[in-house]
Amino acid sequence: MRRRLTAAVLVLFLAACTAPAPPSEVRPDAQGEAAFVYAQNLDVVTDWDPATSYSNEVIALQNIYETLTVWNPVTKKASPRLATSWTSGGDGKSWTFTLRPGVTFHSGRPLDAAAVKASIERTMKTDAGASYIWDAVESIRVTGPLTVTFQLKYAAPLDLTASAAYAAYIYDVSVVDQVKDGKRDAGSGPYTVAGWRKGAEHELTLKAFEGYWGGWDRPHYRTVKFRVVPDPRRRWELLQDGEISFVDRLSPGLYKRAARTPGVRTADMPSFNTAMLLFNTERGPLRDVRLRKALQKAVDYRGLIEALGGGAVPASGIVPEGLPGHQRKRLPRQDLAGAQQLLRQAGYGPGGRPLTLTLTYAEGDADQKILVTRLAETLRPLNVTLDSRPMEWLAQWERGKEKGQDIFVMYWWPDYADGWSWFGNVFRSGKPPVFNLTYLKDSEADGMIDMLPMLNVTDPATAKKTFYRLTDRLLDVRAVAVFPWVVNYQRAFLGAISGYDDNPAYPDVVFVYDLRPSA
């Protein structure tokens, strides 16, 4: 997540302040050029290996590595990236990709069909991160210097798989084992690693790869920097001062303010990013399904949407609108009387035993803080105390993998543009839990989850019914989670930047090469 993973800004009292002076451009770097500076609240890199990377570093790695295809939010289909074209056999079990000529890795080696075969086979062998996206692949053959053919075990949309935000990278296997310390990379993208300082505020710097196939004739940012700034107020101030270029999310109040601030541009974008409260079904009091259902009823869904303003829309089911698996007219509603009744049945609630629940969430994420604050206020009259702890993502995730909390708050988005990702990654049984931070073990749900990839291609109508059955089982029967909202991104960036476009299949990623800095 995983991250989450996104950074929101909430500084309520700023609305009463006078307007700041127009921001300057980001300060030039040592070479005299303005760098593109991305600031967020969490550490950037958790894993440098492009095969196993599955977290925050996507915002950097999508600028270092490339995939065969890229998901196009306009056509809602895969578009060319490293592959210029592809064909599929009539049964959907054979795919041939034709590669872009003249592409080289940062190591200087050519990116050809053999390199594609080697990198995907290595990713598959890791059996880690999002490597499952290649599970349908039975074999990969080099059928020409720039053509590679995949034979599948069952029909699958491999052009879509090849556009995934994780585990679809093509990389130089001859140097990939040397990337773990962040001193080099194995990619082919427009930028390469210039420096990494783990745990530092100025964590990561990328520089232009001079041999990039796209060329550098037009204006481009040649330096990209990633800063870790947990304090939301400071991120906003740094943007106003021109010290950073881009803030990935703003609170509603600050978003309105940014829209009126000279020298700042804003973007309002729908997303596939869902907020989640995951309940510990294996340890502690929430092993009792009655308590989990009580928490589902206690959440003030409408109040949260209002409090977040334009930064969120209601979640209907598990999968957000725009993806296969979305279930309309399944909006949750607060029911405090029902919550109290369930608490009493379990021996808690007003007049019963006091209940204390531990909850972890992302440090510096103001939207999650609003969620936690409002939930604590709602639960207090029900004799339930929320022991909430903001944490850095890695610390929160490590604690979660040790099953060390009752409620785990995080965001989730799909690995590629399909609804399967929520079910296969967050709710399927597995050891270690990785992202199944409900620790659910449900063989009936697992069976349905495992059918979905094939059904999506061979029988969409049955796939749709299976998505719905899974949603009902997880939310109604097992009551393992709450989905309070879907994120609506409210970005802010310096007005000198043009060419920014948000792609919901790659959350929080800025494809910096596509931007145009001011002259």
Side-chain angles (χ1 to χ4, degrees), residues 50-54 66-71 76-83 85-99 113-143 147-171 173 319 323-325 413-430 434-435 445-467 470 505:
T52 57
S53 160
Y54 205 22
E66 295 176 296
T67 50
L68 292 176
T69 63
V70 62
W71 192 74
K76 300 188 184 305
K77 296 180 180 179
S79 292
R81 199 173 188 185
L82 287 175
S85 62
W86 49 92
T87 58
S88 173
D91 59 358
K93 294 175 65 175
S94 178
W95 291 78
T96 297
F97 292 83
T98 300
L99 305 179
V116 171
K117 170 180 164 67
S119 60
I120 294 177
E121 286 181 341
R122 177 181 177 273
T123 296
M124 292 170 63
K125 288 178 181 177
T126 66
D127 194 26
S131 62
Y132 76 88
I133 65 173
W134 303 108
D135 281 355
V137 175
E138 184 171 59
S139 64
I140 306 174
R141 291 183 295 117
V142 173
T143 49
T147 56
V148 59
T149 298
F150 296 77
Q151 191 64 39
L152 307 187
K153 305 168 192 171
Y154 50 84
L158 207 67
D159 57 339
L160 187 62
T161 300
S163 72
Y166 304 90
Y169 300 121
I170 306 303
Y171 51 89
V173 297
V319 180
L323 293 175
W413 53 79
D415 301 319
Y416 56 92
D418 186 86
W420 185 92
S421 182
W422 280 266
F423 301 100
N425 290 289
V426 181
F427 298 117
R428 197 193 185 287
S429 306
V434 189
F435 291 112
D446 290 348
M448 289 188 282
I449 290 169
D450 292 343
M451 291 170 54
L452 277 172
M454 183 171 61
L455 289 175
N456 274 334
V457 177
T458 61
D459 191 349
T462 301
K464 182 177 180 180
K465 293 177 183 177
T466 304
F467 273 122
L470 271 168

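On a predicted model such as this, the values are computed, not experimentally measured, just so you know.
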Set of side chain to side chain contact (heavy atoms under 4.5 Å, CB included) partners for T87, sequence neighbours left out: T96
Backbone N/O of S421 and side chain of D415: donor-acceptor pair under 3.5 Å: no
Between CE on residue M451 and OG1 on residue T458, distance to nearest 0.5 Å: 9.0 Å
Over all atoms of both residues, closest heavy-atom pair of A463 and N456: CB-OD1, 3.5 Å
Residue list, side chain to side chain contact (heavy atoms under 4.5 Å, CB included) with A168, at least two apart or on another chain: T67, I133, W134, A164
Where at least one partner belongs to residues 121-137, residue pairs that pass salt bridge (Lys or Arg N to Asp or Glu O under 4.0 Å), sequence neighbours excluded: D49-R122, K117-E121, R122-D177
Evaluation steps, side-chain contact (heavy atoms from CB on, under 4.5 Å), between K77 and W71: CA-CA 6 Å; K77 296 180 180 179; W71 192 74; 5.9 Å; no
Partner set under side chain to side chain donor-acceptor pair (under 3.5 Å) for T161, not counting sequence neighbours: none
Inter- and intrachain pairs under salt bridge (Lys or Arg N to Asp or Glu O under 4.0 Å), touching residues 452-467, at least two apart: none
Residues in side chain to side chain contact (heavy atoms under 4.5 Å, CB included) contact with V426, at least two apart in sequence or another chain: M276, L278, W412
Set of side chain to side chain donor-acceptor pair (under 3.5 Å) partners for T466, sequence neighbours left out: none
Residue pair T69 / A162: nearest heavy atoms and the distance that separates them: OG1-C, 3.3 Å
Modelled atom types, side-chain donor and acceptor of T143 and T149, under 3.5 Å: yes
Distance-minimising heavy-atom pair for P414 and L323: CG-CD1, 3.8 Å
P80 to W86 - nearest heavy-atom pair and separation: N-CH2, 3.6 Å
Shortest non-hydrogen contact between A167 and S131, atoms and distance: CB-N, 3.8 Å
Nearest-0.5 Å distance, CG of residue L470 to CE of residue M448: 4.0 Å
Straight-line distance of I120 CD1 to F150 CZ, nearest 0.5 Å: 3.5 Å
Non-hydrogen atoms of L160 and A78 that approach each other most closely: N-CB, 4.5 Å
Distance in Å, T147 OG1 paired with L99 CG, rounded so as to fall on 0.5 Å steps: 7.5 Å
Salt bridge (Lys or Arg N to Asp or Glu O under 4.0 Å) pairs, two or more places apart, involving residues 156-168: none
Approximate separation, where rounding is to 0.5 Å, of Y54 OH and N425 CG: 3.0 Å
Non-neighbouring partners of Q151 that pass side chain to side chain contact (heavy atoms under 4.5 Å, CB included), sequence neighbours left out: K93, S94, E138, S139
T123-Y171 side chain donor-acceptor pair, cut-off 3.5 Å: yes
Minimum side-chain heavy-atom gap L82-F97 below 4.5 Å: no
Between CH2 on residue W95 and CG on residue L68, distance to nearest 0.5 Å: 12.0 Å
Pairing residues for W420 by the ring-ring contact (aromatic ring centres under 6.0 Å, His included) criterion, not counting sequence neighbours: Y132
Residues forming a ring-ring contact (aromatic ring centres under 6.0 Å, His included) with Y416, sequence neighbours excluded: none
Any donor-acceptor N/O pair, S53 side chain to P50 backbone, under 3.5 Å: no
Partners meeting ring-ring contact (aromatic ring centres under 6.0 Å, His included) with F423 (sequence neighbours left out): F467
Heavy-atom side-chain proximity of V137 to L158 below 4.5 angstrom: yes
